Asks: 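There's a structure below that I have some questions on.
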Amino acid sequence: MPQITLSNVFNTATRSISSLDHARIRREPIEWPNRARVAVTWTVILELFTGPSTGPNPEYTGADAKYSLFGGRRGVWRLLDLLDFHQIKGSFLVSGYAAEKFPAAVQEIRRRGHEIAGYGYATNRYLDQLSPTEEREDILKTLDILEKVSGSRPVGWVSPDLRPGDRTLEVLAGAGILWNGDFPNDDVPYLVRVSGKPLVIIPYTKESDDREIYQRNRQQTRVWTDNFIDSLDALHEEGASHPKMLNASVRAHLLGRSLGKIAIDRAIRYAKSLPQVWFTTRTEIAQWWLERKYS
Amino acid sequence: MSVRQSSLRPSSLSRRRFLKGMGLAGAAVSTAQISSAPAEAQAQQPLNRAELVTELAAEHFRIRRQPIQWPNNARIAVFWVVDFEVYSDNSNSYDIAYHDYSGKAGFWRLLDLAEENGVKFGWYTNAIIATRYPETLREAARLGHEIDGHGWSNNTSLLVVSAEVEREIIRRVFADIEKATGVRPTGWLGSGWNTSNRTLEYLAEEGILWNGDYPIDDLPYTVPVKGKKIVIIPYVRESNDIQTYGPHRHSPQVWLDNFKEQFDVLYDEGEKYPQMVSAAMHSWLLGHPVGKRAIREAIRYTKGFPNVWQTTENEMAKWWLQQNYD
């Protein structure tokens, strides 16, 4: 980061990721199909690392990189069975490198009818730390790999660890992407126009994400479930007048381990016990948003 | 007093702790932010203008043993504060978006919770919000909530900028908030409750009544600054969500339990020796749906007791000065 001086200390909205389009506040309610109060997406991240992250403070070590192989070998299969058992469709965020190394897993995700979106080439490659050329190449290469392996081109994208670069949205719009999930800034989607094209921003909920709770802080897996349930209760209450959305997210190599299964099962059962909850995927939400012409 | 440069260059680990201590970011975020700093910047001596304990005025060491009185002989004063924070463009993409939750969603939920339960919050406001989310400040002011100064953006500590930049940040905070709301703040909490050796002086020049940067007592006290009495209202880090929910991701239930335990002890002590307690929520942490149950329960818990003064820091500071407490 640059040194803070009088010339930059008061800067806001000077970057694509901080433009005032992202700061627009929606106060008027939207509607979900069948008058649902809350839309819930079940996100599974199948990620790989090509190595430790670079830089003076590596976010991930070589051991973290190895740890992630569990996801393709074992975790994702357990989670696929759990979703099937509950007859729900998930939103799978997949690294390009994971698709290259575990094509059978990616094909199985597709075969069972789940959504596949891009999640960077590898999670140690933060898009905001790459050169503009690398940023673009990582995005386009990943979309190509996912299309080749799964048989259909993704229409959604989330940047590794929600760290888009300043050109990411432009590259995505140019590549025909419908929705982006990099902005954990609201409880409802919003629309931005990038190079004249509409892009639905579907906020990501970090509060019920296993990396923060389980990996980084080693809280019990039940904390993940409790947080999801408290969040859903609050949104279900608010959703009576202002419908909202919520994301539950797990990584195939984290809560995809045996330790996570009971926690995820409890979250799904709780959500199923409430009326007017829309179990959906991000692509369905994006299509609904565009159909209804919401801003 | 001169502006000092730190004689120590923090290692990456201590730098990480330093940033976390300032409350700049959730767990991994601050480290990632640093890792993107260019090598040249890393090699520079970072400024560190933190006020040293050895420089503190004598009043910060004065011990109060005699009891005070609250209005209507309340046993305890309770105030609710929100760290209402947004990041400037000198930050990474994740931090900017995560803190934008404050203006788009967190503010509105917290405001509704306050109104639903008949209490007024003190909003520790980064003045960037007057530019980025002005309608939030207008709404809080319209409903009679208190808006306090809290730096310009939360990724900018007063300690790592020059004295000239610090002075200008403080000036802008008061001016920007006054312009957006029509009301000039009279209280201040620094981002990360940090003070340089000039901060109180600059704040006194802007006409503040109280400052919250000294978490060192259960009750307020006064210090003379530039010939005027400033009321120090100690911040309660123990019931701040950034100590439990933020970096460590303890369940919001832990925040609630910690708050209730403190309240119980202070309410008990308050029978003979009136006390004070506060709960702090970050608009981008417990302002999420995950925090709603815990916050609601905390407020309702305190409302179940008699002799509780539900108040704000401006009201407390005024009372303190009226009673001429030292």
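Quick caveat: nothing in here was measured; it's all calculated off a predicted structure. Here is the naming used below: chain letters follow the sequence lines, and residue numbers restart at 1 for every chain.
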Asks: When heavy-atom pairs shorter than 4.5 Å are enumerated against chain B, which of A/I17, A/D187, A/T14, A/V188 gives the highest number?
Replies: A/D187
Asks: Heavy-atom distances under 4.5 Å only: say whether A/D233 touches chain B with side chain, backbone, both or neither.
Replies: neither
Asks: Is it the case that A/R218 places NZ or CZ above or below the six-membered ring of A/Y214, under 6.0 angstrom from the centre and within 45 degrees of the axis?
Replies: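 Positive - A/R218 is close enough to the ring of A/Y214 and near enough to its axis.
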Asks: Are A/R136 and A/E134 ion-paired here, with the side-chain N under 4.0 Å from a carboxylate O?
Replies: no
Asks: Relative to chain A, which of B/E168, B/K292, B/Q253 shows the most heavy atom pairs under 4.5 Å?
Replies: B/K292
Asks: So for atom CD1, which belongs to A/I262, do other residues, nucleotides or ligands contribute more than 12 heavy atoms lying within a distance under 6.0 Å?
Replies: no
Asks: What residues of residues 133-141 of chain B sit under 4.5 Å from chain A when you count only heavy atoms?
Replies: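 The list, in residue order, reads B/Y133, B/E135, B/T136.
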Asks: Which atoms of A/Q219 come close to chain B, meaning under 4.5 Å heavy atom to heavy atom: side chain ones, backbone ones, both, or neither?
Replies: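 Side chain only.
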Asks: B/Y202 ring centre to B/R171 NZ or CZ under 6.0 Å, with the angle to the axis within 45°?
Replies: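 No, B/R171 and B/Y202 do not form such a contact.
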Asks: Are B/W188 and B/F174 an aromatic pair, judged by ring center distance below 6.0 Å?
Replies: yes
Asks: Can you tell which part of B/Y245 gets under 4.5 Å to a heavy atom of chain A, answering side chain, backbone, both or neither?
Replies: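 Only the side chain of B/Y245 comes within 4.5 Å of chain A.
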Asks: Indicate yes or no: does A/R211 engage A/E47 in a salt bridge with an N to O separation below 4.0 Å.
Replies: yes
Asks: Non-hydrogen atoms of chain B under 4.5 Å away: do they reach the side chain of A/T5, the backbone, both or neither?
Replies: backbone
Asks: Non-hydrogen atoms of chain B under 4.5 Å away: do they reach the side chain of A/Q220, the backbone, both or neither?
Replies: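 No part of A/Q220 comes within 4.5 Å of chain B.
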Asks: Top residue by heavy-atom pair count (under 4.5 Å) with chain A, among B/D176, B/V165, B/T131?
Replies: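 Most heavy-atom pairs within the cutoff with chain A belong to B/V165.
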Asks: So which of A/S18, A/S208, A/P203 has the biggest tally of heavy-atom pairs under 4.5 Å with chain B?
Replies: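 Highest number of pairs under 4.5 Å: A/S18.
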Asks: So does B/L286 get a backbone contact from the side chain of B/D241, meaning a donor-acceptor N/O pair under 3.5 Å?
Replies: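 Yes.
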Asks: What part of A/S19 is in contact with chain B, defined as an atom under 4.5 angstrom from a non-hydrogen atom: side chain, backbone, both or neither?
Replies: backbone
Asks: Between the side chains of A/S249 and A/Y204, is a donor N or O closer than 3.5 angstrom to an acceptor N or O?
Replies: yes
Asks: Using non-hydrogen atoms and a 4.5 Å limit, figure out which bit of A/D166 sits close to chain B: side chain, backbone, both or neither.
Replies: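 Neither the backbone nor the side chain of A/D166 comes within 4.5 Å of chain B.
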Asks: A/D186 versus chain B, heavy atoms under 4.5 Å apart: side chain, backbone, both or neither?
Replies: both
Asks: Could you look at A/V9 and say if it's the side chain, the backbone, both or neither that has a heavy atom under 4.5 Å from chain B?
Replies: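 For A/V9, backbone and side chain are both near chain B.
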Asks: Taking all atoms of both residues into account, what is the closest heavy-atom pair of B/L285 and B/G246, and its distance?
Replies: CD1-CA, 3.9 Å
Asks: Under a 4.5 Å heavy-atom cut-off, does chain B meet the side chain of A/R27, its backbone, both or neither?
Replies: side chain
Asks: So is B/K104 actually on top of A/Y190's ring, under 6.0 Å and inside 45° of the axis?
Replies: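 Yes, a cation-pi geometry holds between B/K104 and A/Y190.
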Asks: Out of A/R222, A/K244, A/R24, which one racks up the most heavy-atom pairs below 4.5 Å with chain B?
Replies: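 Maximum pair count with chain B is reached by A/R24.
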Asks: For A/P160, check side-chain contact (heavy atoms from CB on, under 4.5 Å) against everything at least two apart and list the hits.
Replies: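 By the side-chain contact (heavy atoms from CB on, under 4.5 Å) rule, A/P160 matches A/T123, A/Y126, A/L127.
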Asks: Would you please name every residue forming a side-chain contact (heavy atoms from CB on, under 4.5 Å) with A/T50, sequence neighbours left out?
Replies: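 So A/T50 forms a side-chain contact (heavy atoms from CB on, under 4.5 Å) with A/Y97, A/Y121, A/A122, A/N124, A/R125.
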Asks: According to ring-ring contact (aromatic ring centres under 6.0 Å, His included), does anything in residues 218-241 of chain A pair up with another residue at least two apart or in another chain? List the pairs.
Replies: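 Only A/W42-A/F228 qualify under ring-ring contact (aromatic ring centres under 6.0 Å, His included).
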Asks: If we count only N and O atoms by modelled type, under 3.5 Å, do the side chains of B/T156 and B/S153 hold a donor and an acceptor together?
Replies: yes
Asks: Counting only heavy atoms closer than 4.5 Å, note whether B/R293 contacts chain A via side chain, backbone, both or neither.
Replies: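 Just its side chain gets close to chain A.
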